[in-house]
Amino acid sequence: MKQKIISLLEDALPLVDLNSDYLYSELDSLGVTTILMLLSEEYGIQLNSNDATPKNLKSIDSLVALVESKLAEK
Amino acid sequence: MILEDYININAEKYPQKVAIICNKENITYSQLLDKVLSRVSRFTEEGISKGDIVPLVSSRSIEYLVDYFAIHKIGAVAVPLEEGIPDELFNCITDRLSKYTVPDGTADILFTTGTTGKSKGVMISHKAIIADAENLIDSQLFCHDTVFIINGPLNHVGCLTKVFPLILLGATIYLIPGMKNAEDFFSALNYPSNKMATFLVPANIRILLQFSGDRLAEYADKIDFIETGAAPMSQSDMLKLCDILPNSRLYNTYASTETGIITTYNYNDGRCISGCLGKQMKHSKIIITENGTIACQGDTLMSGYVGDEEMTASILRNNTIFTSDIGELDSEGMLHLKGRKDDVINVGGFKVAPTEVEDVALSLPEVKDCICISASHPIMGNVLKLLVVLNEGCELDKKRIALYIKGKLEPYKVPMMYEAVEVIQRTFNGKINRKFYK
């Protein structure tokens, strides 16, 4: 799943360093929204603005954890 | 009277009234005046004096606004530049400006691509600032109790001009870092007032509707008005917002750095007319020229482009600004926008000349040819896309190109999308065939 998310985001956010442990600080509002949109479409999960926390968007690993927890709720 | 005189008036009339909120810090009008006066002393000691041109990097902070007001108080000219501007560009602009003098009464120089397709310093007078303020007060009903959330850059006409009526009226400015964390926005809406207002570009409205529509609806009784502008908004988003906020005034505005704020339309009027930008405001006049473009008159107009009389004369003649926007006036005198006549691309309210981006990209060794075009993004609306013809043996490295452009130009000029192509279409005389890509 991690590789899949990386390749999804690499295309959409060419300027962002996806390996960063400070991913959230690299994003602007569009970047945050793009991530929410792509992940909800790809995994059929419902994400909203409450999920766009610095903790959930800290790194690719935290995004994987977010998606997994949403999938588990389904 | 200049805008900053109203800080003195309001500090006397409403000393305890909150002037600015930022990062959980509040300052009253009395405190704002003290801060501005002490900054005036500091700047004066540092050698800034009347008529000086003072570049400053903008930020959404109390200190930035204090700097801005203090520069005006001294009689100097503020040049607010983009957050994240590369140092090289900041120094280049500072050097360039040091060679110029500006007319008396100039308050600001705002940098924009605007209607000419090249980065230009637009001179705004103190008179235009007051006229913009009065236009907004008269037509959007800004009032003393308004608490206005500013979430965008304070070097851009969309947000900077909201400071004007708020200071004039002794109202409250609520600064938030942006719309990245919706919590900042909703936390601002929790402020104890039912006269909350804000300016949101269409992309931000789309983001809110998509991810926080239900939450926004909970604030229906608190939101007095929301203004949008800068880029076309889809009618479905307009209708959704009317549905969520049935009692709020929702404005779509025609404004630009060069013209100031000219018309506005409350689309929550039961008709919700797409593309309508409403009637001319009290200090403004709209004319549709013979070739269908919009021309504007009135006190909000710029004084000219700094140091470029020729470029000024190309759009400002006989106290009239001739824009490249195509428009129509209906029988009610309402303006309808129909598109643009030139190649400038509007990205979330920022105007970008594609040639500027192409020139930078072409200086990369792997780029043989390229064109910067407008592409559609589900959230942002218009974004920049760079089509690249690569030299033989080279591969498309989006990140390298993006970072290279980011090092040379303002962040909003960096294309979001990249695609390798075999050839760029050109006309018979070798110019890029932009029509082919529209």
Side-chain angles (χ1 to χ4, degrees), chain A residues 2-60 62-63 65-71 73-74, chain B residues 83-84 151-153 176-187 200-216 347-348 350 375 377-386 388 396-407 411-419:
Chain A
K2 188 173 173 178
Q3 267 318 311
K4 177 76 194 165
I5 292 180
I6 290 176
S7 72
L8 264 180
L9 300 188
E10 259 174 359
D11 269 354
L13 302 168
L15 272 177
V16 176
D17 178 7
L18 296 172
N19 295 318
S20 171
D21 267 343
Y22 304 95
L23 182 61
Y24 185 77
S25 63
E26 293 214 8
L27 299 167
D28 58 10
S29 63
L30 170 68
V32 170
T33 312
T34 304
I35 289 179
L36 293 186
M37 255 181 48
L38 289 173
L39 295 183
S40 26
E41 276 171 18
E42 179 68 23
Y43 295 101
I45 50 178
Q46 277 230 321
L47 293 171
N48 59 43
S49 60
N50 293 337
D51 296 309
T53 61
K55 193 180 164 201
N56 284 340
L57 277 77
K58 185 175 175 292
S59 63
I60 292 290
S62 59
L63 285 178
L66 172 67
V67 172
E68 281 173 346
S69 77
K70 290 281 172 182
L71 286 172
E73 281 171 22
K74 270 177 84 173
Chain B
E83 280 179 271
N151 60 69
I176 62 170
M179 296 299 287
K180 175 170 150 180
N181 187 347
E183 291 309 315
D184 291 332
F185 181 67
F186 287 109
S187 148
L200 294 167
V201 294
N204 282 332
I205 292 178
R206 169 71 57 86
I207 290 170
L208 281 171
L209 290 173
Q210 179 136 0
F211 294 110
S212 319
D214 293 347
R215 221 169 148 196
L216 189 63
V347 183
F350 291 101
H377 183 281
I379 292 287
M380 271 298 274
N382 268 356
V383 295
L384 298 179
K385 180 173 184 178
L386 195 69
V388 185
L396 180 67
D397 184 344
K398 295 181 217 176
K399 197 159 190 171
R400 176 180 139 82
I401 299 177
L403 288 173
Y404 181 75
I405 297 173
K406 196 182 175 197
Y412 65 86
K413 293 179 181 167
V414 182
M416 173 107 188
M417 300 176 178
Y418 298 81
E419 188 183 329

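Order of the sequence lines fixes the chain letters, A, B, ..., with proteins taken first and strands second; residue numbering starts at 1 for each chain.
Contacts between A:Asp51 and chain B at a heavy-atom distance below 4.5 Å are absent for every atom of the residue. Only the backbone of A:Leu47 comes within contact range of chain B, judged by heavy atoms closer than 4.5 Å.
Without hydrogens or angle criteria, B:Lys180 side chain to A:Thr33 main chain gives no donor-acceptor distance under 3.5 Å.
For the residue pair B:Arg215 and A:Asn48, no side-chain donor N or O sits within less than 3.5 Å of a side-chain acceptor on the partner.
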Full working for side chain to side chain contact (heavy atoms under 4.5 Å, CB included) between B:Glu183 and A:Asn50
CA-CA 8 Å; B:Glu183 291 309 315; A:Asn50 293 337; 3.4 Å; yes
Apply side chain to side chain contact (heavy atoms under 4.5 Å, CB included) to residues A:Leu36 and B:Gln210 and explain how you reach the verdict.
CA-CA 10 Å; A:Leu36 293 186; B:Gln210 179 136 0; over 6 Å; no
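Considering only heavy-atom pairs separated by less than 4.5 Å from chain A, the leading option among B:Lys398, B:Lys406, B:Arg400 is B:Lys398.
Atom CD of A:Glu26 sits in a crowded spot, with more than 12 heavy atoms from other residues, nucleotides or ligands closer than 6.0 Å. More than 12 heavy atoms of other residues, nucleotides or ligands lie within 6.0 Å of NZ in B:Lys399, so this atom counts as buried by the packing criterion.
Of all heavy-atom pairs spanning B:Asn181 and A:Ala52, the tightest one is OD1-O, 4.4 Å.
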